Each structure stands twice: as C-alpha cells, then as structure tokens.
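This one's a predicted model, so the numbers in the text were calculated from it and none came from an experiment. For this chain, numbers begin at 1 and follow the sequence in order.
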Amino acid sequence: GCPLVLADIPTFRELWDGAARFAPADNDAAVAALIEELLADPIQRQALGSAAQARAARYTPEATAASMAALYARLLSAQRAAA
C-alpha cells in the first residue's frame with residue numbers, strides 16, 4: 001500500500017503508469033521532491049498507495065508463470081510452423 005516513486009524509464013512507465021510518480025533516474029533532488037510532496041499530501045499518498053497495491057496484485061508469481069508459459073508456447077509454435 002505504499003505509494004511508488006520510480007525512475008522514469010520505459011519499463012516502469014509501462015507497468016506502473018497511473019499508479020506511481022516518476023522522476024528522472026539520475027536526479028536525486030527530483031526523487032526527494034516527489035517524496036516530500038507525497039509526505040505532505042495524505043490524500044494523494046493514499047490514492048497512489050492503493051493504486052500501486054491494486055496494480056501489484058496483477059503480477060503474482062502464478063500470473064507471471066502463466067504468462068511466461070504462454071509466451072514460450074507461442075514461440076515454439078511459431079518455430080515449428082517455420083520449420
């Protein structure tokens with residue numbers, strides 16, 4: 001349930017956009033400023049924390065394993081079709 005402050009990189013944006021705040025990866029001052037904003041704003045802090053918790057629920061070990069198994073099955077099927 002903690003709000004996330006993450007490096008502003010494509011992978012994190014893809015996974016967490018709408019459920020986190022982003023700062024340039026090489027800008028410590030920007031990270032600190034976002035954390036200070038969240039500390040000063042309990043409503044935003046709670047909203048982002050709840051959003052992050054809900055988003056994280058999508059990425060259980062079981063869901064990740066099922067997605068990887070489906071990906072491998074598609075790749076094998078495509079390889080067999082090309083052979």
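For CG of Leu39, the number of neighbouring non-hydrogen atoms (other residues, nucleotides, ligands) closer than 6.0 Å is greater than 12. When the shell of 6.0 Å around CD of Gln53 is examined, it contains 12 or fewer heavy atoms from other residues, nucleotides or ligands.
Side-chain contact between Leu34 and Phe22: absent, with no pair of heavy atoms (C-beta onward) separated by less than 4.5 Å. In this structure, Glu14 and Thr11 have side chains that are not in contact, with every pair of non-hydrogen atoms separated by 4.5 Å or more. Here the side chains of Leu15 and Tyr59 are in contact, with some heavy-atom distance below 4.5 Å.
Pro24 approaches Asp8 most closely through the heavy-atom pair N-CB, 4.3 Å. The minimum heavy-atom distance linking Leu38 with Pro3 is given by the pair CD1-CB, 4.0 Å. Nearest heavy atom pair, residue Val31 against residue Ala23, reads CG2-CB, 3.8 Å. Summarising the geometry of Ala51 relative to Gly18, their closest heavy-atom pair is CB-O, 4.1 Å, with the distance given to 0.1 Å. Here the shortest heavy-atom pairing between Cys2 and Ala52 reads O-CB, 3.8 Å.
The cluster map of Ile, Leu, Val, Met, Phe, Trp and Tyr, joined by side-chain heavy atoms under 4.5 Å apart, puts Ile9 and Leu4 in the same cluster.
Proximity of a side-chain donor or acceptor of Ser77 to a complementary backbone N or O of Ala73 within less than 3.5 Å is not detected. A donor-acceptor pair under 3.5 Å links the side-chain atoms of Arg55 to the main chain of Asp17, judged by distance alone.
Ion pairing between Asp41 and Arg45 fails under the 4.0 Å rule for side-chain N and carboxylate O.
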